[in-house]
*Asks:* 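Please find one structure pasted underneath; my questions will follow.
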Amino acid sequence: MQIPQTTSPTHFIRQIISNDLSTNKNNSNVATRFPPEPNGYLHIGHAKSICLNFGTALENNGTCNLRFDDTNPEKESIEYMESIKRDVAWLGFEWTELRHASDYFEQLYQYAVELIQKGLAYVDSLSAEDIRLYRGTLTQAGKESPDRNRSITENLDLFARMRAGEFADGQYVLRAKIDMASPNMNMRDPAIYRIRSVHHQRTGDAWCIYPMYDYTHCISDAIENITHSLCTLEFADHRPLYDWVLEQLQTPCHPQQIEFARLQLEYTIVSKRKLNQLVTEKHVSGWDDPRMPTIAGLRRAGFTSQSIKDFCERIGITKQNSWIEMGVLEYCIREDLNVNAFRAMAVLEPLRVVITNYPKDKIENLEISNHPQREELGKRIVPFSKTILIENDDFSENPPAKYKRLSVGEEVRLRGSYVICCDEVIKNADGEIIELHCSYDENTLGKNPEGRKAKGVIHWVDEASSHAAEIRLYDRLFTVPQPDNEENFLDVVNPNSLQILNSCRVEASLKEATLEHRYQFERTGYFCLDSDSTSEKLVFNRTVTLRDSKE
RNA sequence: UCCCGAGUGGUGUAGUGGUAGCACAGCAGACUUUGACUCUGUUAGUAUAAGUUCGAUUCUUAUUUCGGGUGCCA
C-alpha cells in the first residue's frame, strides 16, 4: 500500500522552528512578518519570501504580519502600498495585522534617546563624505569621528533639536557607538538617524528625522513579538548589528534573524530599479505587463496564485545562491492549468476550408467536452458548417516525415467533429494558398473511419459563428538567462517578447469568456482574457505554450 | 587572501558514519479525437587533497571555486 506524500519537504528553517518548538522556545509561539519597502511592485522573488513567512506561520498555527518598512519617504508611496496589499491578498494570504515601521517612529525615537543616555549613540557633524572616509575599507580599520566622545547631555540636546527641525538635511546624523575597527563594516558606528525634511506618506510632516533600516527593523520585529525574522542572505552581515541594538535596549523580546537565499530566476530581473526603468522607458506597458516578473504581471499573464505558491514550495529554501530554470515555473502553471482550464478552440492564423460535400446551409451544433478528463466540467456547443477555418500551420503542401496534420490527399480529424480529406488547394495570383477544398466523411462523427486512420487531429472554428479576437503571444523578456550580468540589461531585451495577432478567430463559446477563467486553446497553449478586452474586440493573453514534443 | 556565507546529476533540492533519493529538464517507448495529458523505462551527481575510521557525501584540516559586505538605501 502506498501512503500519499502530503507533507512538504523540510528545509533548514523548518528544522530550526521545529527544534525551537520542541524546546518550548518563545513559549512555542511562531510569529513572522513580511516586511516590504513600499517603493515598487512585488515580484516573484517577493513571492518566495511571502510564501515562506506566511507559510511558516500557517504551518505552525502562528501569526504573520504585513509590515511596511516605510522609513525612506523619498522613495515610497501609497500606490505601492496598495499594490502590495492587493498582491499578497491575491496570493491567498491573510496577514494577522497590518503594521508600518512608521507606526513606531515615536518609540524608535525614545529608544534612540535611551541609547544616547547609555553612551551608546552620538550625534555626528561629519559630512556624509567624511563619514565614508573615516569608515576605512574592507581591509583597513576606520577611525573615530571627532564627535564620538561628545557628552551625553550635548548629544541629547542635539538629537532633540534634530527632531525639532533646527538643522538642515545632512547637517547631523545620529550614530551608534560600536567599533570603528570592526571587520564587519556594519558595526563601524552605523548611522541610525538622518535628517530628511520631507513629507512622509503616512506621518505627514510630523518628522524631519527618519530612522535607518538596521535600527528600525530589529526594533519593529521586537515590538511585534516576532519570533523568527526571516530575511535574505545579504542581511547576514547585518545580523550582528540587529543583535547589538536589541541587546542594548529593553525591548519586548529578541527575535532570531535567519537568512535564506533570494530567488534568482533565469531570463528575468528582479531589481526594482531595473523593473522601474522598464516601465518608465516603456519597454513594457506597465508594472502589470504580462512579461514582467511582478505578481501583477504574472496575474495578468494568467498565472494562478496556486501555481506560484507551488513554485515557491518546489524551489526550496536554502542558503545557497542558485538559479532556477524557467522550466520549473512553466511546469507549475501547466500542471495547474492542465487540470483546471476549460478547453476551447481558437485559430490564430486562419486558413479557410470549404467542405465541398457538406450541405450548403446546414449548421450542426456539436457538443464538445470542456475538459477531456473531467466530465463534470460539462460540455459546450460548437457550431459546425460548410466553411470553417483551420490553422495555417496545420496544412502543408510538402509535409515532412511524421507529419500529423493536413496535406493533399490525406485525412485528419477535426477535433470533436468529422474526419476530412484535403482534395484541392486554391491559390491566388501570387501563388499563395488562400483556401482548401476538402470533403468530409459523414460517418466519422464520434467514431473512427473504417479500415483507415486519420493522420492526426487539428483544431478549427466555424467561420460564420466564430468571433474575431486579438491574441497576444508573450515570450521571455530577455534573450539571455542572466540579463543582470550584461553591461546593459536593455541590450538583451527580447525584441520578440510580444507578438500581437490581430486576425484570430475564436469559437463562439469564447464570447462568454471571463477574466476569472483560464482556457486551453487546444494544441496552442493556455490563455486568459485580458482586461483590455471589450465586447467588440476580445483580447486574450497567452500564459504559456503547451509542451511540445515534436522535433 | 579583511569579514561572513555556500559548494550533491544539466538545473533545483533531500538524506544518512554503512548501496546517494525526489523534482524539473533530457533521451527512449506506450497510449492518445490536443504532437497536450497520462504511463513506463532511462542517461547523469557528493568541488579538490589529506586525515580520523573497518567504512566519510556526512566528522577534522588545508586548498579551491562562487556569492555577499566600504549608503545619511532597504
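Throughout, a chain's letter reflects where its sequence line sits, starting with A, and its residues are numbered from 1.
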*Asks:* Could you give the CG-to-P distance, from A/Leu377 to B/rC37, as a whole number of Å?
*Replies:*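 Result: 19 Å.
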*Asks:* Between the protein and nucleotides 71-74 of chain B, are there any N/O to N/O pairs under 3.5 Å, and if so, what are the atom names and distances?
*Replies:*
{"unit_1": "B/rG71", "atom_1": "OP2", "unit_2": "A/Arg135", "atom_2": "NH2", "d": "2.9"}
{"unit_1": "B/rC72", "atom_1": "OP1", "unit_2": "A/Arg135", "atom_2": "NH2", "d": "3.2"}
{"unit_1": "B/rC72", "atom_1": "OP2", "unit_2": "A/Arg135", "atom_2": "NH1", "d": "3.1"}
{"unit_1": "B/rC72", "atom_1": "O2", "unit_2": "A/Arg196", "atom_2": "NH2", "d": "2.9"}
{"unit_1": "B/rC72", "atom_1": "N4", "unit_2": "A/Leu126", "atom_2": "O", "d": "3.0"}
{"unit_1": "B/rC72", "atom_1": "N4", "unit_2": "A/Ala128", "atom_2": "N", "d": "3.1"}
{"unit_1": "B/rC72", "atom_1": "N4", "unit_2": "A/Gly170", "atom_2": "O", "d": "3.2"}
{"unit_1": "B/rC73", "atom_1": "OP2", "unit_2": "A/Arg194", "atom_2": "NE", "d": "3.0"}
{"unit_1": "B/rC73", "atom_1": "OP2", "unit_2": "A/Arg194", "atom_2": "NH2", "d": "2.8"}
{"unit_1": "B/rC73", "atom_1": "O3'", "unit_2": "A/Arg194", "atom_2": "NH2", "d": "3.2"}
{"unit_1": "B/rC73", "atom_1": "O2'", "unit_2": "A/Asn72", "atom_2": "ND2", "d": "2.8"}
{"unit_1": "B/rA74", "atom_1": "OP1", "unit_2": "A/Thr71", "atom_2": "OG1", "d": "2.6"}
{"unit_1": "B/rA74", "atom_1": "OP1", "unit_2": "A/Arg194", "atom_2": "NH1", "d": "3.4"}
{"unit_1": "B/rA74", "atom_1": "OP1", "unit_2": "A/Arg194", "atom_2": "NH2", "d": "3.1"}
{"unit_1": "B/rA74", "atom_1": "OP2", "unit_2": "A/Tyr213", "atom_2": "N", "d": "2.8"}
{"unit_1": "B/rA74", "atom_1": "N6", "unit_2": "A/His238", "atom_2": "NE2", "d": "3.1"}

*Asks:* Should B/rU19 form a Watson-Crick or G-U wobble pair with both distances under 3.5 Å, which nucleotide is its partner?
*Replies:* none
*Asks:* Indicate, with a heavy-atom threshold strictly under 4.0 Å, whether A/Thr137 touches base, sugar-phosphate, or nothing.
*Replies:* base
*Asks:* Please state the P separation for the pair B/rU42 and B/rG51 - nearest whole angstrom.
*Replies:* 38 Å
*Asks:* So, for A/Phe260 and A/His11, is the gap between ring centers shorter than 6.0 Å?
*Replies:* no
*Asks:* Main chain of A/Asn72, side chain of A/Glu76: is a donor-acceptor contact present, judged purely on distance under 3.5 Å?
*Replies:*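 Yes.
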*Asks:* Run the side-chain hydrogen bond (donor to acceptor under 3.5 Å, both in side chains) test on A/Asp214 and A/His238 for me, step by step, so that the C-alpha distance in whole Å, both residues' side-chain angles and the decisive distance to 0.1 Å come before the verdict.
*Replies:* CA-CA 7 Å; A/Asp214 284 310; A/His238 297 243; 2.7 Å; yes
*Asks:* Both distances under 3.5 Å, Watson-Crick or G-U wobble: report the partner of B/rG5, or none.
*Replies:* B/rC66
*Asks:* For the pair A/Asp179 (side chain) and A/Arg188 (backbone), establish whether a donor and an acceptor sit closer than 3.5 Å, ignoring hydrogens and angles.
*Replies:* no
*Asks:* Would you call the rings of A/Tyr109 and A/Trp207 parallel, tilted or perpendicular, taking 30° and 60° as the class edges?
*Replies:* tilted
*Asks:* For a quick check, with a 4.0 angstrom heavy-atom cut-off, what is the B/S/- contact string for nucleotides 26-34 of chain B, read 5' to 3'?
*Replies:* ------BBB
*Asks:* Using the C1' atom as the point on both nucleotides, what is the distance between B/rU43 and B/rG17, in whole Å?
*Replies:* 30 Å
*Asks:* Taking a pair as Watson-Crick or G-U wobble with both distances under 3.5 Å, which nucleotide is matched to B/rU46?
*Replies:*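 B/rU46 is unpaired by these criteria.
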*Asks:* Rounding to the closest angstrom, what is the interatomic distance between B/rU63 and B/rA28 at atom C1'?
*Replies:*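 Here B/rU63 and B/rA28 have their C1' atoms 42 Å from each other.
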*Asks:* So how far is it from A/Asp237 CG to A/Leu233 CG, rounded to the nearest 0.5 Å?
*Replies:* 9.5 Å
*Asks:* Say we look at B/rU65 and B/rC27: how far apart would their P atoms be, to the nearest angstrom?
*Replies:* 35 Å
*Asks:* Hey, would you say the A/Tyr418 and A/Phe384 ring centroids sit under 6.0 Å apart?
*Replies:*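 When the ring centroids of A/Tyr418 and A/Phe384 are compared, they turn out to be within the sub-6.0 Å range.
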*Asks:* Measuring only the C1' atom in each nucleotide, how far is B/rC2 from B/rG45? A whole number of Å is fine.
*Replies:*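 Going atom to atom, C1' in each nucleotide, I get 35 Å.
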*Asks:* Please classify B/rG17 as syn or anti, treating any glycosidic angle within 90° of 0 as syn.
*Replies:*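 Anti, since the glycosidic angle lies more than 90° from 0.
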*Asks:* Could you encode protein contacts along nucleotides 2-15 of chain B as a string, one character per nucleotide from 5' to 3', using B for base contact, S for sugar-phosphate-only contact and - for no contact, with a heavy-atom cut-off of under 4.0 Å?
*Replies:* BSSSSSS-BSSSSS
*Asks:* When you measure from the side chain of A/Thr232 to the backbone of A/Glu234, do you find a donor-acceptor pair of N or O atoms at a distance under 3.5 Å?
*Replies:*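 The answer is no, because no donor-acceptor pair under 3.5 Å joins these two groups.
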*Asks:* I need the single residue from A/Asp336, A/Asn340, A/Thr543 that forms a side-chain hydrogen bond (donor to acceptor under 3.5 Å, both in side chains) with A/Thr304. Which is it?
*Replies:* A/Asp336
*Asks:* Pick the P atom in B/rU58 and in B/rU48, then give their distance to the nearest Å.
*Replies:* 10 Å
*Asks:* Counting the benzene-type ring for Trp, do A/Phe540 and A/Phe521 have ring centres under 6.0 Å apart?
*Replies:*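 Close enough - the centres of the two rings lie under 6.0 Å apart.
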*Asks:* Scan every strand shown for a Watson-Crick or G-U wobble partner of B/rG35, both distances under 3.5 Å, and answer none if you come up empty.
*Replies:*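 Here B/rG35 is not engaged in any pair, so there is no nucleotide opposite it.
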*Asks:* How is A/Arg405 classified with respect to the nucleic acid when contacts are heavy atoms under 4.0 Å: base, sugar-phosphate, or nothing?
*Replies:*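 Touches a base.
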*Asks:* Under 3.5 Å for both donor-acceptor distances, Watson-Crick or wobble: does B/rG41 have a partner, and if so which one?
*Replies:* B/rC27
*Asks:* Establish, yes or no, whether the cationic atom of A/Arg175 lies under 6.0 Å from the six-membered ring centre of A/Tyr122 and within 45° of the ring axis.
*Replies:*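 Output no; distance or angle outside limits.
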*Asks:* In whole Å, what is the span from the CD atom of A/Glu313 to the P atom of B/rC24?
*Replies:* 15 Å
*Asks:* Between A/Phe527 and A/Tyr519, is the ring centre distance below 6.0 Å?
*Replies:* no
*Asks:* For B/rA56, which nucleotide is its Watson-Crick or G-U wobble mate, given both distances must be under 3.5 Å?
*Replies:*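 The base-pairing partner of B/rA56, which may sit in any strand shown, does not exist here.
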*Asks:* Using the C1' atoms only, state how far B/rA62 lies from B/rG68, rounded to an integer number of Å.
*Replies:*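 Looking at atom C1' only, B/rG68 and B/rA62 are 24 Å apart.
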*Asks:* Check step by step if side-chain hydrogen bond (donor to acceptor under 3.5 Å, both in side chains) holds for A/Tyr526 and A/Gln520.
*Replies:* CA-CA 4 Å; A/Tyr526 293 100; A/Gln520 183 197 101; 3.2 Å; yes
*Asks:* Quote, to the nearest angstrom, the C1' distance that separates B/rA56 from B/rG5.
*Replies:*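 Nearest-Å result for B/rA56 against B/rG5 at atom C1': 24 Å.
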*Asks:* Roughly, in whole Å, what's the span from CG in A/Leu241 to P in B/rG68?
*Replies:*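 Result: 21 Å.
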